[in-house]
*Asks:* 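What follows is a structure written as structure tokens; I'll ask about it next.
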Amino acid sequence: MRFSKAFVPTLKEAPKDAVTPSHVLLLRAGFARMVGAGLYEMLPLGLRVQNNISNIVREEMDATGAQEFRMPALLPADYFKESGRWESFGPTLFRMKDRKDGDYHLGPTHEEIITDLARREISSHKQLPLNLYQIQTKFRDEPRPRAGLLRCREFLMKDAYSFDVSEDAARESYATMRAAYQRIFERLGLDYRIVRADSGAMGGSTSAEFQVLAQTGEDRIVACTQCDFAINLEADETLSEGKPCPECKTPLEQYLGIEGGHIFILGTHYSEKMGAHFAGTDGKQQPLVMGCYGIGISRLVAAAIEQQHDDQGMCWPPSIAPYQVVLCPIGKDETVTAKAEELYTQLREHNIEVLLDDRDTRPGAKFKDADLIGIPHRIVIGAKSLANNQVEYKPRTASEATLVSTSDAVTAVLK
RNA sequence: CGGGGUGUAGCACAGCCUGGUAGUGCGCAAGCUUUGGGAGCUUGAGGUCGCAGGUUCGAAUCCUGUCGCCCCGACCA
């Protein structure tokens, strides 16, 4: 992509309403704009990151045998009325009427809808286990949307639902999802902890949160530095920083986290309430045993920024960066322009996503924007070094650039 | 939903107390000069001062109401 043609409206000053680092940077770097409280436009760079996250999630879900599908976001009220959540969800549910005065709502989560699908379509143990997932916009009329993309009223979520013949089988499905989530969060390049949590209103028996560690996290968690133990302090208020780990006695450390994912075994809560049964090997009807697994995709865009930024801007992990490399030709020297175009072509031939800063602007502005946007690799092409057949290479998080020969520029990025 | 803020150009703000022609910086456009960490000068475009009432000869400014947005708290599968 040529920067001169890209819609990347960067700002020197942050709009005053933005306070949280990710919110400020999303606006300043031209990744997102606000439409209303908890409602954002994802501009091209923001959407590229969000799509990168979605794709990693999709690949790892598919690898477990889960299948992508899609439920409507606009839903008749019948299903939530049947489960009781039409009442219990309260004002958080976006409600509306259709032209025939029927009750409808926008989907905040889809347990009821998929349980209805399951009771219609699953009749035998031979169809199990089954795991279906979707990546879809969810709607919740939060009492207080806040911090940009961290808590929105409309947000992108991956939600998966598993169906099994028994509690034991459900635990296996849960373990599979847990392992898949670990691969997902590893690939996203985020520092995270798997945390025991209060299973809350879902009524589940087993659950874990995937917490992205960040200074601005809303959740207080303590974790062991030696073993895997970690817990949300919401779930156990007797623990705190410095107390011995319940499993290995090492002093616990406290972190702040942003909930990026949550996995549950639901059991037969919804299947019993809604009559989702199947015939077991003995021919007798029994309720499906369910699990559900969420990842807040749009929230992870913000969480990644919260965790990985500095005073100059974003610092994207390469796996989700909007572009891998930014090329900054300096000055109008023809050899510089020609070399920049050559590298631009070369990098793209290696399937590397490149942003060529071909704008007619001073070097300082290019560097500031490159840092702000957080592209992992920067190559500066200047007349002086080019005379020695060299360009400057600098990873976003490095303090100094190094000179590399023009022929090594592509490999510097690749490694 | 309680508490606290805040709405004036795309962004950040001043003006309001003490009513009298709508201001500044950044950004944007054009021109000249510049060119390695957000350049300088000149000229220019851009506003129903959140909205609705009221007071007044006259309201961004005073009064009443209302809406939006932000922060803290409560809430948050």
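The structure presented is a predicted model; accordingly, all values stated were derived computationally and were not measured. Both backbone and side-chain heavy atoms feed into the values below; hydrogens, waters and symmetry mates do not. Each chain gets a letter, A, B and so on, in the order the sequences are listed, and its residues count up from 1.
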*Asks:* In whole Å, what separates the P atom of B:U61 from that of B:C69?
*Replies:* 23 Å
*Asks:* Between C1' on B:C71 and CZ on A:R151, what's the gap in Å once rounded to a whole number?
*Replies:*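 These atoms are roughly 15 Å apart.
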*Asks:* Please determine, for B:A29, whether a Watson-Crick or G-U wobble partner exists with both distances under 3.5 Å, and give it or none.
*Replies:*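 Partner of B:A29: B:U43.
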*Asks:* Taking atom P in both B:A52 and B:G44, what distance in whole Å separates the two?
*Replies:*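 Taking atom P in both B:A52 and B:G44, they lie 33 Å apart.
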*Asks:* Check the distance between B:C69's P and A:L27's CG and give it to me in whole angstrom.
*Replies:* 15 Å
*Asks:* In whole angstrom, what separates A:M34's CE from B:C71's C1'?
*Replies:* 13 Å
*Asks:* Determine the Euclidean distance between corresponding P atoms of B:C76 and B:A29; express it in Å to zero decimal places.
*Replies:*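 Here B:A29 and B:C76 have their P atoms 49 Å from each other.
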*Asks:* Please determine if a side-chain N or O atom of A:R144 lies less than 4.0 Å away from the OP1 or OP2 oxygen of B:C72.
*Replies:*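 Yes.
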*Asks:* With C1' as the reference atom in both, quote the distance from B:G47 to B:A9 in angstrom, rounded to an integer.
*Replies:*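 Approximately 5 Å lies between the C1' atom of B:G47 and that of B:A9.
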*Asks:* Taking pairing as Watson-Crick or G-U wobble with both contacts under 3.5 Å, can you name the mate of B:C62, or confirm there isn't one?
*Replies:* B:G54
*Asks:* Please state the C1' separation for the pair B:C13 and B:G19 - nearest whole angstrom.
*Replies:*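 Those two atoms are separated by 22 Å.
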*Asks:* May I have the distance from A:H23 (atom NE2) to B:C70 (atom C1'), rounded to whole angstrom?
*Replies:* 9 Å
*Asks:* Do A:S405 and A:N389 have side-chain N/O donor and acceptor atoms under 3.5 Å apart?
*Replies:*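 No, no side-chain donor-acceptor contact under 3.5 Å.
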*Asks:* If only side-chain N and O atoms of A:R146 are considered, is one of them under 4.0 Å from the OP1 or OP2 phosphate oxygen of B:C76?
*Replies:*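 Looking at the OP1 and OP2 atoms of B:C76, neither is under 4.0 Å from any side-chain N or O of A:R146.
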*Asks:* For the side chain of A:E341 and the backbone of A:A338, is there at least one donor-acceptor N/O pair under 3.5 Å apart?
*Replies:*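 No; judged by distance alone, with no hydrogens or angles, the pair does not exist.
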*Asks:* Assess whether a salt bridge exists between A:K138 and A:D159, defined as any Lys/Arg side-chain N lying under 4.0 Å from an Asp/Glu carboxylate O.
*Replies:*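 Here A:K138 pairs with A:D159 in a salt bridge, since their nearest N and O are under 4.0 Å apart.
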*Asks:* So, A:Q136 versus A:H110: side-chain donor-acceptor pair below 3.5 Å or not?
*Replies:*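 Yes - a donor-acceptor pair under 3.5 Å links their side chains.
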*Asks:* Checking all strands, does A:A147 fall into the base, sugar-phosphate, or nothing category for heavy-atom contacts under 4.0 angstrom?
*Replies:* sugar-phosphate
*Asks:* With rounding to whole Å, what would you report as the distance between B:G38 and B:G65 at their C1' atoms?
*Replies:* 45 Å
*Asks:* How long is the line joining CG of A:N232 and P of B:C76, in whole Å?
*Replies:*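 About 13 Å, once rounded to whole Å.
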*Asks:* Just call it for A:P143: base, sugar-phosphate, or nothing, with non-hydrogen atoms closer than 4.0 Å on any strand.
*Replies:*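 Base contact - A:P143 has a heavy atom under 4.0 Å of at least one base atom.
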*Asks:* Rounded at 0.5 Å granularity, tell me how far CD1 in A:I295 sits from OG in A:S54.
*Replies:* 9.5 Å
*Asks:* For A:E142 and B:G73, give me the distance from atom CD to atom P, rounded to whole Å.
*Replies:*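 So the two atoms are 15 Å apart, to the nearest Å.
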*Asks:* Roughly how many Å is it from NZ in A:K16 to C1' in B:G50, rounded to a whole number?
*Replies:*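 Nearest whole value for this atom pair: 11 Å.
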*Asks:* Base, sugar-phosphate, or nothing: which does A:A14 touch, judged by heavy atoms less than 4.0 Å apart?
*Replies:* sugar-phosphate
*Asks:* Please state the C1' separation for the pair B:C71 and B:C62 - nearest whole angstrom.
*Replies:* 29 Å
*Asks:* May I ask which nucleotide in the shown strands pairs with B:U21, Watson-Crick or G-U wobble, both distances under 3.5 Å?
*Replies:* none
*Asks:* May I ask which nucleotide in the shown strands pairs with B:G68, Watson-Crick or G-U wobble, both distances under 3.5 Å?
*Replies:*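 Paired with B:G68, as far as the under-3.5 Å criterion goes, is B:U6.
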*Asks:* Under 6.0 Å between the ring centres of A:H23 and A:F31?
*Replies:* no
*Asks:* Quick one: are the ring centres of A:F210 and A:H262 less than 6.0 Å apart?
*Replies:* no
*Asks:* Please report the distance, rounded to the nearest Å, between CZ in A:F155 and P in B:C76.
*Replies:*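 Between P of B:C76 and CZ of A:F155: 15 Å.
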*Asks:* If you assign A:R299 and A:G148 each to the RNA chain B nucleotide with the nearest heavy atom, which residue ends up on the more 5' nucleotide?
*Replies:* A:G148
*Asks:* With rounding to the closest Å, how many angstrom separate the C1' atoms on B:G46 and B:C28?
*Replies:*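 Roughly 9 Å separates the two C1' atoms.
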*Asks:* Which base, if any, makes a Watson-Crick or G-U wobble pair with B:C1, both distances under 3.5 Å?
*Replies:* B:G73
*Asks:* Out of A:R153, A:R95, A:M96, which one pairs with A:L106 under the side-chain contact (heavy atoms from CB on, under 4.5 Å) rule?
*Replies:*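 Exactly one option meets the side-chain contact (heavy atoms from CB on, under 4.5 Å) with A:L106, and it is A:M96.
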*Asks:* Please encode protein proximity along nucleotides 25-41 of chain B as a string of B, S and -, counting only heavy-atom distances under 4.0 Å.
*Replies:* BSS------BBBBBB--
*Asks:* Whether the side chain of A:D164 engages the backbone of A:S166 through a donor-acceptor N/O pair (distance < 3.5 Å, no angle test) should be reported.
*Replies:*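 No, A:D164 side chain to A:S166 backbone: no donor-acceptor pair under 3.5 Å.
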